Amino acid sequence: MDNDTASSSERSDFVRDIVAADLREGRIDSVVTRFPPEPNGYLHIGHAKSICLNFGVANEFGGRCHLRFDDTNPVKEEQEYIDSIEADVRWLGFDWGEHLYFASDYFEQLYEWALHLIREGKAYVDDLAADEIREYRGTLTEPGRESPWRERSAEENLDLFERMRAGEFENGSRVLRAKIDMASGNINFRDPVVYRILHSTHPRTGDAWCIYPSYDFAHGQSDAIEGVTHSVCTLEFQDHRPLYEWFIANLPVPSQPHQYEFARLNLTHTVLSKRVLLRLVKEAYVRGWDDPRMPTLSGIRRRGFPAEGMRDFAGMIGVARADSVVEVEMLEHAVRSVLNRTALRRFAVLDPLKVVIDNYPEGSSEDMEVTNNPEDPSAGTRQVPFSRELWIERDDFMETPPKKFFRLSPGREVRLRSAYFITCNEVVKDEEGNIVELRCTYDPESRGGSSPDGRKVKATLHWVSAAHAVPAEVRLYDHLFASPFPGSGGRDMFDDLNPDSETILGNCWVEPSLARLPIGETIQFERLGYFCVDPDSTSDALVFNRTLTLKDAWAKLQAQGRQNTA
RNA sequence: UGGGGCGUCGCCAAGCGGUAAGGCAUCGGCCUUUGGAGCCGACAUUCGUAGGUUCGAAUCCUACCGCCCCAGCCA
């Protein structure tokens with residue numbers, strides 16, 4: 001398991017500080033954490049932060065991390081989500097070993113503990129309807145009122161609760177509530193609901209139960225059962241911590257876990273909300289949970305992001321308690337940095353322009369040796385066929401080049417990467433004046449890409465031999481949301497969706513070796529960006545996804561120019 | 001206006017009484033057979049504000065200001 005990237009293991013944060021101190025001062029013998037997803041959707045980048053934290057801490061301190069599904073609400077949960085979550089955590093690079101658990105494994109024990117509370121006079125069955133409970137709860141500034149059913153006898157409560165379990169009552173007709181303090185400033189203490197009636201089939205327990213524990217009643221006790229020492233969750237659960245502790249203190253649980261909260265991840269141009277992601281999928285704004293534009297782990301995987309980049313990112317952003325919004329550029333940097341080191345370089349032309357080399361022998365071809373990865377000599381070289389007719393990128397040519405355009409133009413000589421120097425002599429156009437072909441000559445002495453006379457050239461272009469190239473579809477991706485803060489300023493988030501988040505190019509040519517690239521491997525199209533094969537590919541129809549562009553100084557210049565003239 | 005949190009560079013984030021790490025972004029320069037990568041340099045006299053304690057404060061105290069979370073039988 002490659003969990004110890006430099007960035008994550010060297011960094012410290014308040015959670016790691018607490019764990020280190022607890023270990024050092026003997027409060028615990030070994031650390032136990034858990035990642036507790038509810039299987040009601042797919043995991044996203046925000047979850048990755050939590051996964052890296054929980055598994056990372058366990059790995060670094062020689063403890064263990066459990067994967068526990070918080071499956072206490074059967075109306076929203078599905079087996080599909082359980083399966084995808086397991087696959088995503090594994091993909092991220094973490095291993096829970098034998099420690100796969102489900103809150104539903106503890107339903108019987110939780111039920112016993114509910115009985116315990118009733119016997120102690122610390123819980124009661126309430127007949128109030130949901131809206132009445134809300135009314136009785138009071139407001140943020142006014143205390144609540146006690147339910148008329150609050151003082152039932154333990155016997156009556158026991159009888160009613162058993163009958164709730166037996167299925168005698170309808171959904172919503174009664175709940176079990178902890179009896180704490182209706183006047184507490186902390187609303188979680190105003191007799192929180194502990195069990196509700198839900199006649200619903202559960203993905204794991206089927207129809208064995210029709211009452212289900214609430215999050216507050218299930219979570220801490222599950223931690224206690226598993227011997228979790230540090231129960232790490234996000235900030236919105238801070239107010240629940242006193243309740244978490246109340247249950248632990250009032251129940252005969254086998255261990256004393258503690259809860260710690262950190263700030264959840266927010267990313268610019270991105271929405272990390274299961275509710276919104278579910279809507280994007282259900283209302284077909286995207287093609288599915290694994291659409292390459294989705295911030296889900298399955299989405300970024302399909303997009304070509306390496307798990308290592310995701311982990312490095314988690315290490316870079318740190319863990320703290322202050323609300324924050326991380327710029328996506330940081331994630332993109334982490335991904336590019338891994339890919340620059342590992343991705344094989346290949347040639348592909350996305351918007352082809354024909355080049356004919358007049359002085360190159362007709363009908364012949366030769367193999368050029370091309371470096372696979374200049375960052376990694378051990379990646380070796382490959383042979384790429386070269387011939388008289390080639391495709392180059394349309395925007396690598398300009399008939400009347402502006403000041404800082406270094407690429408090909410009439411009369412100008414450039415290098416074809418790892419091949420020859422060529423000079424453009426003639427621009428061929430159709431009746432409408434569109435450039436359809438460039439007539440060029442090459443310098444046979446410049447084979448490999450340098451001239452014996454030491455002649456310099458200002459640009460290097462990528463190319464593909466027309467006779468050998470393989471056709472492909474290439475899907476370009478950009479931020480799903482055009483605004484850095486979707487939905488800010490009172491706008492509807494969905495109005496901030498980027499209409500150009502996906503651009504499909506159907507007329508691309510890639511070098512022959514790409515016909516056999518396996519799904520899941522991300523490579524670099526030289527000078528263009530990182531790409532991977534999409535699972536939509538078939539043996540005779542290649543489809544590539546653009547993972548990320550390369551940083552592009554020329555594009556930036558152009559953008560600035562456009563801004564200045566606008 | 002109840003309760004709980006948080007405020008250090010454009011964005012993350014170290015710092016835990018001894019005189020502001022690092023990363024991303026940005027801007028220069030070098031180098032380059034990817035306008036990629038790499039390299040070098042610049043980038044907070046100041047830590048929400050105002051007072052106080054101290055030889056010394058981002059770190060301690062007080063007050064104020066701002067932002068976030070909580071009124072699901074969701075998690």
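All values below were derived from every heavy atom in this structure, side-chain atoms included, with hydrogens, water molecules and symmetry-related copies excluded. In what follows, every chain begins at residue 1, and chains take the letters A, B, ... in the order their sequences are listed. Quick caveat, the model's predicted, so the values are computed rather than measured.
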Quick one: is [N] close enough that its OP1 or OP2 comes under 4.0 Å of any side-chain N or O from [X]?
X       : N      : value
R196(A) : A75(B) : yes
R137(A) : C73(B) : yes
R264(A) : C69(B) : no
K556(A) : U26(B) : yes
H462(A) : U34(B) : no
R336(A) : G36(B) : no

Measure from the side-chain heavy atoms of [X] and tell me the nearest of [options].
X       : options                : answer
T72(A)  : A75(B), A37(B), C16(B) : A75(B)
M330(A) : G23(B), A75(B), G2(B)  : G23(B)
M316(A) : C12(B), A37(B), G23(B) : G23(B)
P374(A) : A13(B), G36(B), U1(B)  : G36(B)
D323(A) : G5(B), G35(B), C24(B)  : G5(B)
Q560(A) : G35(B), C24(B), C27(B) : C27(B)
R134(A) : A25(B), G7(B), G72(B)  : G72(B)
I187(A) : A75(B), C70(B), C24(B) : C70(B)
K404(A) : G35(B), C24(B), C73(B) : G35(B)
R321(A) : C6(B), G36(B), A13(B)  : C6(B)

Starting at [atom1] of [X] and ending at [atom2] of [N], how long is that distance when rounded to a whole Å?
X       : N      : atom1 : atom2 : result
F262(A) : A14(B) : CZ    : P     : 13 Å
Q238(A) : C69(B) : CD    : C1'   : 7 Å
D552(A) : A37(B) : CG    : P     : 10 Å
K551(A) : U34(B) : NZ    : P     : 16 Å
D191(A) : C73(B) : CG    : P     : 12 Å
R417(A) : G36(B) : CZ    : P     : 13 Å
E393(A) : U34(B) : CD    : P     : 17 Å
F485(A) : C68(B) : CZ    : P     : 13 Å

Notebook entry, point to check: How would you list, by chain and number, every residue that makes a ring pair (Phe, Tyr, Trp, His ring centres under 6.0 Å) with F102(A), sequence neighbours excluded?
Noted result: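 Ring pair (Phe, Tyr, Trp, His ring centres under 6.0 Å) list for F102(A), sorted by chain: F69(A).
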Spacing of the [atom1] atoms in [M] and [N] (rounded, Å):
N      : M      : atom1 : answer
A20(B) : A75(B) : P     : 50 Å
U32(B) : C39(B) : C1'   : 11 Å
G48(B) : G7(B)  : P     : 9 Å
C43(B) : U34(B) : C1'   : 29 Å
C68(B) : G22(B) : C1'   : 27 Å
C24(B) : U45(B) : C1'   : 25 Å

Next item on the list: Could you say whether L550(A) or E142(A) is positioned toward the 5' end of RNA chain B, judged by the nucleotide with the nearest heavy atom to each?
Entry: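 Final value for this comparison: E142(A).
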Checklist line | Along RNA chain B (nearest heavy atom to each residue), the more 5'-positioned of S450(A) and T141(A) | finding: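 Whichever sits nearer the 5' end wins; that is T141(A).
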Test for a donor-acceptor pair under 3.5 Å between the base of [N] and the side chain of [X], counting only N and O atoms.
X       : N      : answer
E327(A) : G23(B) : no
D239(A) : G3(B)  : yes
R407(A) : G35(B) : yes

Tell which nucleotide pairs with [N], taking only Watson-Crick or G-U wobble pairs whose two distances are both under 3.5 angstrom.
N      : answer
U45(B) : none
C16(B) : none
G2(B)  : C70(B)
C39(B) : G29(B)

Using a heavy-atom cut-off of under 4.0 Å over every strand shown, decide if [X] touches base, sugar-phosphate, or nothing.
X       : value
L528(A) : nothing
L140(A) : base
N340(A) : base
A322(A) : sugar-phosphate
F237(A) : base
V326(A) : sugar-phosphate

Between [Y] and [X], is the closest basic N to carboxylate O distance under 4.0 Å?
X       : Y       : value
R16(A)  : E60(A)  : yes
R68(A)  : D105(A) : no
R264(A) : E236(A) : yes
R527(A) : E393(A) : no

Next item on the list: Tell me whether the guanidinium CZ or amine NZ of R165(A) lies under 6.0 angstrom from the six-membered ring centre of W209(A) and within 45° of its axis.
Entry: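 R165(A) over W209(A) ring: yes.
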Next item on the list: Verify the distance criterion only: is there a donor paired with an acceptor across the side chains of R346(A) and S513(A) at less than 3.5 Å?
Entry: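 Checked: R346(A)/S513(A) side chains pair up, N/O donor to acceptor below 3.5 Å.
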Check: Which glycosidic conformation, syn or anti, is assigned to G72(B) if syn requires a torsion within 90° of zero?
Finding: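 G72(B): syn glycosidic orientation.
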Note to self: According to salt bridge (charged side-chain N to carboxylate O under 4.0 Å, His left out), who are the partners of R174(A), at least two apart in sequence or on a separate chain?
What the structure shows: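 Applying salt bridge (charged side-chain N to carboxylate O under 4.0 Å, His left out) to R174(A) gives D127(A).
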Next item on the list: List in chain and number order the residues that pass salt bridge (charged side-chain N to carboxylate O under 4.0 Å, His left out) with D22(A), two or more places apart in sequence or in another chain; answer none if no residue qualifies.
Entry: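 Expected list: R27(A).
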Next item on the list: List for me each residue that meets side-chain hydrogen bond (donor to acceptor under 3.5 Å, both in side chains) alongside Y106(A), sequence neighbours excluded, and say none if there are none.
Entry: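 Expected list: E226(A).
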Checklist line | Counterpart residues, side-chain hydrogen bond (donor to acceptor under 3.5 Å, both in side chains), relative to S451(A) (two or more places apart) | finding: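 S451(A) satisfies side-chain hydrogen bond (donor to acceptor under 3.5 Å, both in side chains) with D453(A), R455(A) once adjacent residues are dropped.
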Check: Contacts to RNA chain B from residues 265-273 of chain A, heavy-atom cutoff under 4.0 Å, which residues?
Finding: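 Close to the strand, none.
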Note to self: Stacking between Y215(A) and A75(B), defined as ring centres under 5.5 angstrom apart with planes under 30°, is that present or not?
What the structure shows: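 Check failed, Y215(A) does not stack on base of A75(B).
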Next item on the list: State, to 0.1 Å, how close G41(A) and K274(A) come at their nearest heavy-atom pair, and which atoms those are.
Entry: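 For G41(A) versus K274(A), the nearest heavy atoms are N-NZ, 4.5 Å.
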